[in-house]
Visitor: 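Here's a structure for you.
Worth knowing before you read on, the calculation uses all heavy atoms, side chains too, and leaves out hydrogens, waters and symmetry mates. Naming: A, B, ... by sequence-line order, numbering from 1 per chain.
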There are 2 protein chains.
Amino acid sequence: MRMIQRPAACCATPSEPPPLPDSETLVARFKALGDATRLEVFRLIAAQEAPLCACDIVDRFDVSQPTISHHLRVLRQAGLITATKRGVWMYYAVVPRGVAALGQFLAGSVQESAAAAD
Amino acid sequence: MRMIQRPAACCATPSEPPPLPDSETLVARFKALGDATRLEVFRLIAAQEAPLCACDIVDRFDVSQPTISHHLRVLRQAGLITATKRGVWMYYAVVPRGVAALGQFLAGSVQESAAAAD
DNA sequence: CGAACATATTGACAATCATCTATCTCTTGT
DNA sequence: ACAAGAGATAGATGATTGTCAATATGTTCG
């Protein structure tokens with residue numbers, strides 16, 4: 001038997017979050033950006049006006065080439081960057097749609113809570 | 001001696017990403033949202049029009065109460081939610097400023113790459 | 001073909017992390 | 001004061017992950 005009564009806000013059924021089309025993808029993208037090295041790699045790619053060669057990325061970091069390759073794969077599998085092969089070189093560029101999806105999710109999150117904040 | 005010549009795009013010095021005020025905070029926030037359970041907790045809080053009682057969160061998930069408490073702490077330390085104590089209950093709400101910071105970073109990332117696209 | 005190079009893959013290892021059980025702290029109602 | 005409930009903390013454990021060295025794959029040049 002519950003001795004302490006819950007306040008009204010506790011008992012009222014909380015609002016359901018809006019249905020999320022692809023939660024798994026969202027998690028993968030946030031996780032992909034949730035690593036210091038990987039975020040820097042992403043930032044470097046995003047800062048370019050043209051697809052960036054992998055060699056240029058490796059040159060700029062202290063970690064090994066396989067590690068950079070691994071990070072690039074994670075970012076690519078998350079749908080945040082694309083990889084294009086030209087000859088021996090791989091060129092990476094941001095996928096605007098993938099990044100925008102994250103932004104839209106965040107925008108929706110603040111919008112919902114904005115109704116409450118005075 | 002380098003036998004294969006790098007294409008122009010490789011040799012041209014890549015653009016520097018814009019200076020990032022607080023990279024560590026950004027990583028912590030992305031990492032906080034990069035877990036399935038935690039993202040759902042965040043979504044539930046964001047869906048409310050008023051701060052949500054922790055008990056209502058615990059009720060909605062299959063994981064234990066300490067696990068929820070852990071996730072709430074991670075989200076709070078990342079600056080994505082705030083915690084307010086009222087009596088015995090803890091109420092959690094989204095920090096719009098914290099979420100917006102993520103959105104602005106993403107918006108900047110797509111904007112930079114947009115100049116190159118098409 | 002064969003050498004050189006760019007990138008990816010594999011396997012291993014240490015570190016981080018999500019989760020649990022048990023316990024603790026604090027607040028409230030009697 | 002005391003019992004009960006809400007939530008946080010501590011410690012342990014299995015899983016995930018970031019990193020590296022070594023190797024593989026594929027491409028270009030001579």
Visitor: Estimate the overall bend of the helix from C/dC1-D/dG30 to C/dT30-D/dA1 from the end axes over five pairs each, rounded to 10 degrees.
Guide: 30°
Visitor: Let's go through A/Leu75 and A/Leu80 carefully: what are the C-alpha distance in whole Å and the side-chain angles of both, what is the deciding distance for side chain to side chain contact (heavy atoms under 4.5 Å, CB included) to 0.1 Å, and is it a yes or a no?
Guide: CA-CA 6 Å; A/Leu75 287 170; A/Leu80 292 173; 4.1 Å; yes
Visitor: Taking only residues two or more places apart in sequence, or in another chain, which ones meet B/Phe105 in a ring pair (Phe, Tyr, Trp, His ring centres under 6.0 Å)?
Guide: B/Phe30
Visitor: Applying a 4.0 Å non-hydrogen cut-off, can you work out what A/His71 is touching in the nucleic acid: base, sugar-phosphate, or nothing?
Guide: sugar-phosphate
Visitor: Taking the minimum atom-to-atom distance to the side chain of A/Met90, which one of D/dG18, D/dC20, C/dT7 wins?
Guide: C/dT7
Visitor: Does C/dC20 have its OP1 or OP2 closer than 4.0 Å to a side-chain nitrogen or oxygen of B/Ser64?
Guide: yes
Visitor: For A/Gly87 and for A/Asp62, find the nucleotide of DNA chain D with the closest heavy atom, then tell me which residue's nucleotide is more 5'.
Guide: A/Asp62
Visitor: Rounded to whole Å, how long is the line connecting atom CG of B/Leu39 with atom P of C/dA18?
Guide: 13 Å
Visitor: Measure the distance from CD1 on B/Ile68 to C1' on C/dT21 and round it to the nearest whole Å.
Guide: 16 Å
Visitor: Does D/dG18 have its OP1 or OP2 closer than 4.0 Å to a side-chain nitrogen or oxygen of A/Arg38?
Guide: yes
Visitor: Mind calculating the distance between CG (A/Asp59) and C1' (C/dT7) to the nearest angstrom?
Guide: 13 Å
Visitor: A/Lys85 or B/Ser69: which one's nearest nucleotide on DNA chain D is closer to the 5' end?
Guide: B/Ser69
Visitor: Assign A/Tyr92 to base, sugar-phosphate, or nothing according to its heavy-atom contacts below 4.0 angstrom with the strands shown.
Guide: sugar-phosphate
